[in-house]
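Read through the structure below, which is laid out as structure tokens, and then see the notes.
Side chains are part of it too, since the values below use all heavy atoms of this structure and drop only hydrogens, waters and symmetry mates. Letters A, B, ... mirror the listed sequences (proteins, then strands); counts begin at 1.
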Protein chains: 2
Amino acid sequence: MDTPGPSDLHDAVRRRLAEDDVRYTGGRKAIVAALGTAGGPQSAADLHRLVAGVPLSSLYRSLTVLDEAGVLKRNHDADGLARFELAEWLGGHHHHITCVECGAVEDVRLEGEEERLLAAVIQAMGDRTGYIVRDHELELEGACPSCRS
Amino acid sequence: MDTPGPSDLHDAVRRRLAEDDVRYTGGRKAIVAALGTAGGPQSAADLHRLVAGVPLSSLYRSLTVLDEAGVLKRNHDADGLARFELAEWLGGHHHHITCVECGAVEDVRLEGEEERLLAAVIQAMGDRTGYIVRDHELELEGACPSCRS
DNA sequence: TTCCTTGCAAACGATTTGCATTGGA
DNA sequence: TCCAATGCAAATCGTTTGCAAGGAA
């Protein structure tokens with residue numbers, strides 16, 4: 001794939017932000033770093049914990065800026081809570097699986113053949129509805145390995 | 001399939017609620033009726049419009065009761081707004097496609113072969129993560145027929 | 001100096017809840 | 001009669017915003 005490694009991630013983001021005359025400040029860099037190592041989308045509360053010393057309002061403001069710049073993507077989990085992850089061009093294409101017990105959300109990447117099967121299904125859905133499909137997301141839920149008792 | 005038709009819908013719901021000593025009142029029946037004819041998940045605001053004369057607080061309370069009884073399912077759209085639809089055993093298994101322009105959410109039902117392909121992909125995802133998959137949802141987004149200019 | 005960014009506090013909007021009242025079986 | 005259901009108002013909670021102060025180019 002051509003998603004930037006951890007070392008290039010910040011450069012890529014900095015360049016993207018520069019085009020919008022937006023500064024890549026310490027707080028923003030810390031958010032991107034946290035999302036770069038997380039194994040799934042993080043809520044604002046998660047990030048507030050991971051990125052110490054940044055007030056919630058500033059955190060939300062940075063998240064908005066990064067979202068609008070296309071650096072990250074905003075999702076909503078089963079409870080409607082906002083969760084953030086790196087945009088696809090930075091973090092790669094993947095799907096999500098949620099544990100109904102503990103609420104954890106984990107990234108799942110598909111193999112070529114699997115994504116190909118999925119593409120066929122999506123094509124059929126687009127044809128049937130007359131939509132021009134722009135994006136897709138396959139969300140699974142179940143019991144994670146550590147939660148099945 | 002064996003999903004109840006419009007005439008049997010209310011009987012099925014009434015029986016389900018009776019098991020929990022919950023009454024199937026006029027307001028609740030109106031909600032179920034509205035969801036039964038809607039072509040996609042409806043927000044509380046939508047339902048407040050569709051079900052005239054019911055205050056929002058009562059509406060939310062009914063939605064909670066119906067949700068807990070397994071009569072309906074609560075989703076969240078791209079903006080994090082709660083949207084409600086009949087549970088799968090009442091409304092049938094389907095997926096969603098959202099228009100990025102107008103925000104409409106539409107149900108899409110898959111053909112047997114398509115759902116079979118999807119099942120293979122889901123199986124692979126479950127195997128890879130070690131989850132016991134309980135449910136899945138394929139969400140598409142794109143431009144709906146009337147929104148592409 | 002010029003703007004973007006930050007922090008705090010106040011505002012917002014969707015959803016929930018306390019409490020007294022109503023109504024169905 | 002009894003307990004669930006309702007309506008209103010007030011409370012919650014995640015998220016956004018106004019405004020004045022701070023900071024990088």
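You'll find the side chain of B:D20 stays beyond 4.5 Å of the side chain of B:E68, heavy atoms only. Taking the side chain as every heavy atom from C-beta outward, A:V100 and B:D135 never approach each other to under 4.5 Å. You'll find the side chain of B:T129 stays beyond 4.5 Å of the side chain of A:L140, heavy atoms only. At least one side-chain heavy atom of A:L118 sits under 4.5 Å from a side-chain heavy atom of B:L138. By the 4.5 Å heavy-atom criterion applied to side chains, B:R134 and B:H136 are not counted as neighbours. Under the 4.5 Å side-chain criterion, counting only non-hydrogen atoms from C-beta, A:E85 is in contact with A:H96. Looking only at side-chain heavy atoms (C-beta outward), A:E114 and B:R128 come within less than 4.5 Å of each other.
Nearest to the side-chain atoms of B:R74 among the listed nucleotides C:dT6, C:dT16, C:dC3 stands C:dT16.
When rounded to the nearest whole Å, the span between CG of B:L59 and P of C:dT17 equals 15 Å. Distance A:K29 NZ to C:dT6 C1': 19 Å, rounded to the nearest Å. Computed from coordinates, the B:L63 CG to C:dT16 P distance equals 9 Å when rounded to whole Å. The distance from atom CZ of B:R83 to atom P of C:dA14 is 13 Å, rounded to the nearest whole Å. Rounded to a whole Å, the CG atom of B:L81 is 18 Å from the P atom of C:dC12. The separation between B:R23 atom CZ and C:dA25 atom C1' is 7 Å, rounded to whole Å. A straight line from OH of A:Y24 to C1' of C:dT6 spans 18 Å, rounded to a whole angstrom. Look at CG on B:L56: it is 14 Å from C1' on C:dT17, rounded to the nearest Å.
The residue B:V22 sits close only to the backbone: its heavy atoms come under 4.0 Å of sugar-phosphate atoms, none of a base. Nucleic acid contact class of A:A45 (heavy atoms, under 4.0 Å, all strands): none. Within 4.0 Å of B:R61, counting heavy atoms only, lies at least one base atom of the nucleic acid. Among the protein residues, B:S62 comes within range of the sugar-phosphate backbone only, with heavy atoms under 4.0 Å from sugar or phosphate atoms but none that close to a base.
Of the residues B:D67, B:L72, B:V71, B:L66, the one that meets the side chain to side chain contact (heavy atoms under 4.5 Å, CB included) test with B:F84 is B:L72.
Residues B:I31 and B:S62 share a closest heavy-atom pair of CD1-CB, 3.6 Å.
Each of B:R28 and A:Y60 was matched to the nucleotide of DNA chain D holding its nearest heavy atom; the match closer to the 5' end belongs to B:R28.
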If you write DNA chain D from 5' to 3' in dot-bracket form, with Watson-Crick or G-U pairs under 3.5 Å, [ ] for crossing pairs and | for pairs with another strand, what do you get?
||||||||||.|||.||||||||||
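Taking every nucleotide of DNA chain D with any atom under 4.0 Å from a non-hydrogen atom of chain A, the first and last of them, 5' to 3', are D:dG14 to D:dA24.
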Show your reasoning for whether side chain to side chain contact (heavy atoms under 4.5 Å, CB included) applies to A:L86 and A:L9.
CA-CA 10 Å; A:L86 292 182; A:L9 176 58; 4.1 Å; yes
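Checking the phosphate oxygens (OP1, OP2) of C:dT5, no side-chain nitrogen or oxygen of A:T25 falls inside 4.0 Å.
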